[in-house]
A.B. asks: 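Following this message is one structure expressed as structure tokens.
The model shown is predicted, which means the values in this text are computed figures rather than measured ones.
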Amino acid sequence: MLDPKKIRENFDEINSILNKRNFIIDKKKFESIDNNRKNIIADTESLQNKKNTISKEIGILKSKGEETTLQTESVEQINLELKEKQSLLIKAEDEYNDFLLNIPNILHKSVPHGKSDIDNKIIKYSNDENLEKMTKNTFVDHSEIGKLLNLYDQDIAVKMSSSRFSLLFGSFAQLHRALGSFMIDEHINNHGYTEVNVPLIVNSDSLLGTGQLPKFKDDLFELKNKKNFFLIPTAEVPLTNIFQNKIFDEDELPTKYTSLSYCFRSEAGSYGKDTKGLIRQHQFEKVELVNAVMPSKSDEALDSLLNCAEKILQLLDLPYRKVLLCSGDTGFSSYITYDLEVWMPSQNSYREISSCSNFGDFQARRLNSKYKDKSSKKKQFIHTLNGSGLAVGRTLAAIIENYQNKDGDIEIPDILRPYMNNMKLIKRY
RNA sequence: GGAGAGUUGGCAGAGUGGUCGAAUGCGGCGGUCUUGAAAACCGUUGAGCCGAAAGGUUCCGGGGGUUCGAAUCCCUCACUCUCCGCCA
């Protein structure tokens, strides 16, 4: 949520930033909603003031044993008016909140202007040499290799569940599990993260706090039997909600959490895309990194977060590139987002494997997460960040494809061997 | 699943219909004293919203009700604790 005060005071500036992401605040509508709310608050409060004053008077009169009929009647009259005003106020507040909750975040000044992913700015490539070497091989899609090796199956999953689910068997399942452990270990051992095991079901308030609701309900799985329950689309939601309604001391910041969790996404609107393999599943595992930081530190925190995610790709020696998302491709809640994209030989393209964002105070405002400033002693909103470090299913796919040798065997990356009983190869036969 | 007890400010803990945003203690902050610190003493110390300010208003787990007036009474939901049962 943006600061309503800032919208009032710097309307044109904010609106022109939002225009870059193809969003326009209707100025007249905002002003009317804003003023309407203020007026009704003023009216309601003055009625309440009258009511309180007279009620106190009644208390005093009664203690003296004096007559109070006149006062009682006048409060009764006020109560009638008040009731009317209060129902108007509820409506006005709802309208106000709804309006604000549907405005996306402003953008960092370095976010490039653009409509869609084609306008994203490529920051760097990991190593072109490696890519060249890899592309000489004959590549088979990871799901094809998997089927060939009897380690991957989509057909059974469709029968027991639906499309966009799959099963991993044997070494694939083990490698998948190894990847999750390896990533988490890297973050907790070398980057100062605290591991958290989180609920996979959250309520709507949490999703409102991180920004998935109210706008993106269709992307979520909502539980039918119990009201107000949703499967998490990412561990960002539970991890960031650790900070809800919290006031940090300065020395508690930064707080850095990581979690290996399942994620559930409905993938509404992606029909026909990535129907094969592990790229786009309803259920997948992801290692998530979340930071709560002082506002002045969020730019550097994003760099450090990105480095943590990149480090995983480097340790796995996977070819990747780093991309700065353009205004039109940057997510609703994000202030600035970098994606890491891994090379997928079968698709002859780079695919997103991590997305790292600085949210500024956008989420903190929704979550009511503050810190107490030591010098000014004031409570201010913190900044929140998150990133994938990495998406486990996609990493598995990338390894299967990039580490396939000419015989069709899959080499296990050195760093994962300790997690795989020192297995070196997943053999074709 | 059954029976009972709770939920009050950073924490502990009073308050059972009127001047209570809330006693008291601890903690925090500021000061006196001290070479410095501790102790002692004095003062101060919740948050949101409206307002330029003065000030007003709301908040005692959430929601609703009774009343001129609710932290206090009633209903309801959530959570916590104790006992019993069941269970990974």
A.B. asks: Produce a footprint string for nucleotides 63-70 of chain B: one letter per nucleotide, 5' end first; B if the base is under 4.0 Å from any protein heavy atom, S if only the sugar-phosphate is, - if neither.
C.D. replies: -----BS-
A.B. asks: Starting at the 5' end of RNA chain B, write a dot or bracket for each base, bracketing those in Watson-Crick or G-U wobble pairs whose two distances are under 3.5 Å and using | for partners on another strand.
C.D. replies: ((((((((.[[[..)..(.....]]]((((((.......))))))(((((....))))).[[[[[..)....]]]]])))))))....
A.B. asks: Would you mind classifying the nucleic acid contact of A:Lys370 as base, sugar-phosphate or nothing, using non-hydrogen atoms under 4.0 angstrom?
C.D. replies: sugar-phosphate
A.B. asks: Could you list the donor-acceptor pairs under 3.5 angstrom formed between side-chain atoms of residues 290-304 of chain A and any protein atom two or more places apart in sequence or on another chain?
C.D. replies:
residue, atom, partner, partner atom, Å
A:Asn291, OD1, A:Tyr193, OH, 3.0
A:Ser298, OG, A:Asn358, ND2, 3.0
A:Ser298, OG, A:His383, ND1, 2.9

A.B. asks: Evaluate side chain to side chain donor-acceptor pair (under 3.5 Å) for A:Lys215 paired with A:Asn102, printing each intermediate quantity in order.
C.D. replies: CA-CA 7 Å; A:Lys215 257 198 149 168; A:Asn102 280 289; 4.9 Å; no
A.B. asks: For A:Asp117, enumerate each residue passing the side chain to side chain contact (heavy atoms under 4.5 Å, CB included) test, keeping only those at least two apart in sequence or located in another chain.
C.D. replies: A:Asn120, A:Asp329
A.B. asks: Test of understanding: with side chain to side chain contact (heavy atoms under 4.5 Å, CB included), list the residues that count as partners of A:Ser259, not counting sequence neighbours.
C.D. replies: A:Val198, A:Ala235, A:Leu239, A:Ser261
A.B. asks: Within this structure, what is the CG-to-P distance between A:Asp249 and B:C11, rounded to whole angstrom?
C.D. replies: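 Whole-Å distance recorded here is 13 Å.
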A.B. asks: Between atom NZ in A:Lys85 and atom C1' in B:U58, what is the gap in whole Å?
C.D. replies: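 After rounding, the gap between these two atoms is 18 Å.
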A.B. asks: At under 4.0 Å between heavy atoms, what does A:Asn52 touch on the DNA or RNA strands: base, sugar-phosphate, or nothing?
C.D. replies: sugar-phosphate
A.B. asks: Set out, line by line, the N/O atom pairs under 3.5 Å between protein and nucleotides 26-30 of chain B.
C.D. replies:
none

A.B. asks: Using a 3.5 Å cut-off and no angle test, enumerate the donor-acceptor pairs between side-chain atoms of residues 362-369 of chain A and protein atoms at least two apart in sequence or in another chain.
C.D. replies:
residue, atom, partner, partner atom, Å
A:Gln363, OE1, A:Thr384, OG1, 2.7
A:Gln363, NE2, A:Thr210, O, 3.0
A:Gln363, NE2, A:Glu236, OE2, 2.9
A:Arg365, NE, A:Met1, O, 3.4
A:Arg365, NH2, A:Asp361, OD2, 2.8
A:Arg366, NH1, A:Leu208, O, 2.7
A:Arg366, NH1, A:Leu213, O, 3.2
A:Arg366, NH2, A:Leu101, O, 2.6
A:Asn368, ND2, A:Asn245, OD1, 3.2
A:Ser369, OG, A:Phe243, O, 2.7

A.B. asks: Check whether any side-chain nitrogen or oxygen of A:Asn49 sits under 4.0 Å from OP1 or OP2 of B:U57, and answer yes or no.
C.D. replies: yes
A.B. asks: Which whole-number value in Å describes the distance from A:Gln244 CD to B:A47 P?
C.D. replies: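 Rounded to the whole Å, the gap is 20 Å.
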A.B. asks: Using heavy atoms to find the nearest nucleotide of RNA chain B for A:Lys379 and A:Lys50 separately, return the residue whose nucleotide is more 5′.
C.D. replies: A:Lys379
A.B. asks: Rounded to the Å, how far apart are A:Ile41 CD1 and B:G48 P?
C.D. replies: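 Going from A:Ile41 (CD1) to B:G48 (P), I get 15 Å.
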A.B. asks: Please write out the pairs of protein N or O atoms and N or O atoms of nucleotides 51-53 of chain B separated by less than 3.5 Å, giving the distance to one decimal.
C.D. replies:
residue, atom, partner, partner atom, Å
B:G51, OP1, A:Lys38, NZ, 3.0

A.B. asks: Who are the side chain to side chain contact (heavy atoms under 4.5 Å, CB included) partners of A:Ser171, not counting sequence neighbours?
C.D. replies: A:Leu151, A:Met423, A:Ile426
A.B. asks: Please list all pairs passing the ring pair (Phe, Tyr, Trp, His ring centres under 6.0 Å) test where one or both residues lie in residues 74-115 of chain A, with sequence neighbours left out.
C.D. replies: A:Phe30-A:Phe99, A:His108-A:Tyr335
A.B. asks: Sorted by first residue and then second, give each side-chain hydrogen bond (donor to acceptor under 3.5 Å, both in side chains) pair with at least one member in residues 54-64 of chain A; sequence neighbours left out.
C.D. replies: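 Applying side-chain hydrogen bond (donor to acceptor under 3.5 Å, both in side chains) to every pair that reaches into residues 54-64 of chain A, excluding sequence neighbours, yields nothing.
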A.B. asks: Provide the full list of ring pair (Phe, Tyr, Trp, His ring centres under 6.0 Å) pairs with a residue in residues 266-286 of chain A, sequence neighbours left out, each pair given once.
C.D. replies: A:Phe165-A:His282, A:Phe221-A:His282
A.B. asks: Which whole-number value in Å describes the distance from A:Ile247 CD1 to B:C11 P?
C.D. replies: 11 Å
